[in-house]
Amino acid sequence: MAEFIRDLKRTHSCGELTAKDVGKEVILFGWVHNRRDHGGAVFIDLRDRAGLTQVVFEAEAGREMHDLAQELRYEFCIGVRGKVVSRGGNVNPRLVTGEIEVHAAQLAIFNRSETPPFLIEDKIDTAEDKRLHYRYLDLRRAPLQQTLMKRSEMNAVTRQTLNRLGFLELETPFLVKYTPGGARNFLVPARLSPGKFYALAESPQLFKQLFMVAGFERYFQIVKCFRDEDLRLDRQPEFTQIDLEMSFVTQDDVFAAVEELVTALWSEVLGVEIAKPFPRMRYEQSMREYGNDKPDLRFGMQHVDLTSLIAEFKGAGVPMWQSFATAAPGQIVKALRVPASANFSRTETDKLEEIAKGMGARGLARAKIGETGEWTQSPLAKSIAKEARDAINAATGAQAGDILLFQFGKEAMVHTVLANLRLHLGKRLGLIPEYGTPDPKRADSWKFLWVVDPPLFEYNEELKHWVAAHHAFTRPHDESIQYLETDPGKVLCYRYDLVLNGFEIGGGSIRLHDPAVQERVFAAMGISPKEAEQKFGFLLQALRFGAPPHGGIALGMDRLAFLLTGAESLRDVIPFPKTQKGTDLMTDAPGDADPEQLRELHIAVTYKPQT
RNA sequence: GGGGUGUUAGUUAAGCUGGUUAUAACGCCGGCCUGUCACGCCGGAGGCCACGGGUUCGAGUCCCGUACACCCCGCCA
């Protein structure tokens, strides 16, 4: 008899047979998704990556085959030869292939399966650590398969689009020299240079600039990056970027290229046409109204800055606000208005305070607005001056029944607390979903935004000097350069972040290619020319050999896929992700090193696990 | 480094103020069944209640600690 695979090749997938195929002899390979054994007839849903097809094994089609069919269980890997038959009145409308079924004439069990630890169903109801332990089974689920197939498509569209725009796909090394600053690097011992280490590249940043110096003009790469930092819902220790760099461009040119790419992804993978150009917002406005540089513009509830108002009223009579009677740098007062329609109970407001405290707040002062604008249920009510209260009501637009939430103190803390409270309230009030996009086919479900013109430096309290907010090679605005020596905090630059629905999906800059300005930038950070040479020598040297003006961006491919597919977690768009502690539950990485390996590397482990 | 939530059959969960033999559904095993597609029916097996201490006559339940997973702050910028 003809043997499957050797003689009998697969003719169709399990997702494509319809009424027009009735009468055909077909050969299908796949996994037993479900079985319904009626004694005389065994029904099997056969699954492959394309879908499900019902296969029927009837007693009269052959005793031997029917007996074998009764042995089938979940996840057996099988081959079937049979005839496509119309289901007549028994159509299953929930299956693409529901009009037909395959009446089997020949069955082979390629491999039996142990009872799987969880069922391979679309609906995920298994704890994530168990899914990760048996990731190869989890990846059999249709939603994950579809997500990864979309990701594959995204890769293809990225390559097509960027090729069309004249970008060259060039590779850069993973094993690189450690450069200080930025993310913590993973270290790799260099056996051939005893006692020395490579770093795993946290990004191809320096190398892509060298491609520009070399004259490639337009570079891109879909590339893994490695950062040894703590994980979050949207952060993995190894992740993928669409990295690109362009010569002879302004910021607007970079935006145009990226918008071309992103709209192509949404159009071709999702079938949604996103309007170009994307809106832009200045960094200053983003911080003021949303408390971070990645505002979710799907809903309002902006922060209201009351710092100058409180200073104007000399603290407004409120004891807690006396330190704000005069505006002090780095200290702010802000409010968030919860509309009356939220109908928040006391308990719920208390819960908000707990959330705030969890993020470093000392408390969460609040005020419920009464019919005549008076404040109730508020620790501020007794002491607040009436004029100040009315001014705050006016500034926040507070109406009767609304609740005002106040946060004051260090700017960074106030921003963190209120930015997260705003998102929490947005979800709680149903203005945005917990995750994903309820209506992904609608263009206005997608709020793309460029956040532009941020400061070049930020002041580091610990180091007591200015440090680069992005990296030291970002080009300042020409009109800002005059402040490099006198007021570094005022220097804005050509750095930009692309934000989608509250997630940063990309960031980049126009690079600084003028050695004279570069020197002044280093000086502002207290870095001497000699020191700069030590840290960034090869790049600085390269820039002195006729470097073209250039700039670029890196887009987070995992986050793009995460948002585009509406996944619940970044882990759902990565085939083999790590846990929050950076471990792999399937392979049990990281593991111990063999003493012999360590000897070869001249490494001694001094860590002693606590007992 | 810090805060929060969780951990009970293979899986998902229930188990109240501590009280006899820890429940259910799905899955698993055996039997019956030719039109099911969440197939159905009959029967059965399956548990160190995460781990270690403590309180108590008695702990799945209360307390402390540890581990692991997830979410957040710091970190990543």
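When both pairing distances are held under 3.5 Å, B:C68 makes a Watson-Crick or G-U pair with B:G6. Across all strands shown, B:U11 forms a Watson-Crick or G-U wobble pair with B:A25, both key distances being under 3.5 Å. Summarising the base pairing, B:C49 is matched to no nucleotide, lacking a Watson-Crick or G-U wobble pair whose two defining distances lie under 3.5 Å. If you check B:C62 for Watson-Crick or wobble pairing at under 3.5 angstrom, you find it paired to B:G54. Under the Watson-Crick or G-U wobble criterion, with both distances below 3.5 Å, B:G40 is paired with B:C32. When both distances must be under 3.5 Å, the Watson-Crick or G-U wobble mate of B:G18 does not exist.
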Base versus backbone protein contacts along nucleotides 9-15 of chain B [heavy-atom cut-off under 4.0 Å; B, S, -]: -SSS---
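When the P atom of B:C75 is taken as reference, atom CD of A:Gln236 falls 21 Å away, rounded to whole Å. In this structure, CG of A:Asp228 is placed 12 Å from P of B:A77, rounded to the nearest angstrom. Between A:Tyr283 atom OH and B:A77 atom P the separation is 13 Å, expressed in whole Å. Rounding to whole angstrom units, CZ of residue A:Arg232 and P of B:G74 are separated by 7 Å. Atoms CG (A:Leu137) and P (B:G27) sit 17 Å apart, rounded to a whole Å. In this structure, the CG atom of A:Leu233 is 19 Å from the P atom of B:C75, given to the nearest Å. Between the CZ atom of A:Phe186 and the C1' atom of B:C75 there is a distance of 13 Å, given to the nearest Å. Between the CD atom of A:Gln205 and the C1' atom of B:A77 there is a distance of 13 Å, rounded to whole Å.
Here the nucleotide nearest the side chain of A:Gln54, chosen from B:C37, B:A77, B:A38, is B:C37. Comparing B:C70, B:A69, B:G27 by their nearest atom to the side chain of A:Tyr74 picks out B:G27. Side-chain proximity of A:Glu458 to the nucleotides B:A77, B:U36, B:C75 is greatest for B:A77. With B:C72, B:A77, B:C76 as the candidates, the nucleotide lying closest to the side chain of A:Met359 is B:C72. Residue A:Asn34 has its side chain nearest to B:A38 when only B:C75, B:A38, B:G35 are considered. Side-chain proximity of A:Arg571 to B:G27, B:C68, B:C71: nearest is B:C71. Comparing B:C76, B:G74, B:G35 by their nearest atom to the side chain of A:Thr416 picks out B:G74.
Every pair passing salt bridge (Lys or Arg N to Asp or Glu O under 4.0 Å) that includes a residue from residues 226-241 of chain A is listed here, sequence neighbours excluded: A:Arg184-A:Glu229, A:Lys224-A:Glu238, A:Asp234-A:Arg559, A:Glu238-A:Lys578. Applying the salt bridge (Lys or Arg N to Asp or Glu O under 4.0 Å) rule to pairs touching residues 28-39 of chain A yields A:Arg36-A:Asp45, sequence neighbours excluded. For the ring pair (Phe, Tyr, Trp, His ring centres under 6.0 Å) condition, the pairs that include at least one residue of residues 37-67 of chain A, sequence neighbours left out, are A:His38-A:Phe43.
Within the 4.0 angstrom heavy-atom criterion, no nucleotide atom of any strand lies near A:His415. Within the nucleic acid shown, A:Gly98 has no heavy atom closer than 4.0 Å to any nucleic acid atom.
Side-chain N/O atoms of A:Asp230 and base N/O atoms of B:C75 include no donor-acceptor pair closer than 3.5 Å. Taking only distance into account, the side chain of A:Arg227 never meets the base of B:C76 through a donor-acceptor pair shorter than 3.5 Å. Checked by distance alone, A:Arg35 brings no side-chain donor or acceptor within 3.5 Å of a matching partner on the base of B:C37. Contact of A:Glu101 with B:G35 (side chain to base): a donor-acceptor pair of N or O atoms is detected under 3.5 Å.
If you take atom C1' in B:A14 and the same atom in B:G52, they sit 27 Å apart, rounded to whole Å. Across the C1' atoms, B:G6 and B:U17 are found 23 Å apart, a figure rounded to whole Å. Nucleotides B:A59 and B:C16 are separated by 16 Å at their P atoms, to the nearest Å. Taking atom P in both B:G19 and B:G58, one finds a spacing of 15 Å when rounded to whole Å. The same atom, P, is picked in B:A22 and in B:G27; the two are 25 Å apart, to the nearest Å. Between the P atoms of B:C39 and B:C28, the separation comes to 11 Å (whole Å). For B:U36 and B:C62, the P atoms lie 49 Å apart once the distance is rounded to whole Å. Taking atom P on both B:U12 and B:A50, the two are 14 Å apart, rounded to the nearest angstrom.
Using the six-membered ring where Trp is involved, A:Tyr136 and A:Tyr134 have ring planes that are perpendicular, over 60° apart on the 30 and 60° scheme.
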Derivation and outcome, side-chain contact (heavy atoms from CB on, under 4.5 Å), residues A:Trp466 and A:Leu456: CA-CA 9 Å; A:Trp466 295 93; A:Leu456 179 58; over 6 Å; no
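Between A:Lys357 and B:G3 there is no side-chain N or O to OP1 or OP2 distance below 4.0 Å. Phosphate proximity of B:A69 to A:Thr583: present, with a side-chain N or O under 4.0 Å from OP1 or OP2. Put simply, A:Arg36 has a side-chain N or O that comes within less than 4.0 Å of OP1 or OP2 on B:C39.
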Got a list of side-chain donor-acceptor pairs under 3.5 Å for residues 117-128 of chain A, not counting sequence neighbours?
| from | atom 1 | to | atom 2 | distance (Å) |
| --- | --- | --- | --- | --- |
| A:Glu128 | OE1 | A:Arg571 | NE | 3.3 |
| A:Glu128 | OE1 | A:Arg571 | NH2 | 3.0 |
| A:Glu128 | OE2 | A:Arg571 | NE | 2.6 |

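For A:Ala69 against A:Val42, the heavy-atom pair with the smallest separation is O-CG1, 4.0 Å.
Within the 4.5 Å cutoff, side-chain heavy atoms of A:Arg422 are placed close to those of A:His303.
Where A:Arg73 and A:Asp234 each meet RNA chain B at their nearest nucleotide, the meeting point lying more 5' is that of A:Arg73. Closest-nucleotide positions on RNA chain B for A:Gln70 and A:Glu121 were compared, and the one nearer the 5' end corresponds to A:Glu121.
When A:Thr53, A:Asp21, A:Leu46 are each tested for a side chain to side chain contact (heavy atoms under 4.5 Å, CB included) with A:Thr97, only one passes: A:Thr53. Evaluated for a ring pair (Phe, Tyr, Trp, His ring centres under 6.0 Å) with A:Phe255, the options A:Tyr494, A:Tyr496, A:Phe448 yield exactly one hit, A:Tyr496.
With respect to A:Asp48 and A:Arg140, no salt bridge is recorded, no charged nitrogen being found less than 4.0 Å from a carboxylate O. Using a 4.0 Å cut-off between charged side-chain N and carboxylate O, A:Arg47 and A:Glu75 make a salt bridge.
Of the residues in residues 495-510 of chain A, those with a non-hydrogen atom less than 4.0 angstrom from any atom of RNA chain B are A:Glu504.
Taking the six-membered ring for Trp, A:Tyr178 and A:Tyr198 have ring centres at least 6.0 Å apart.
Judged by centroid separation below 5.5 Å and plane tilt below 30°, A:His38 does not stack onto the base of B:U36.
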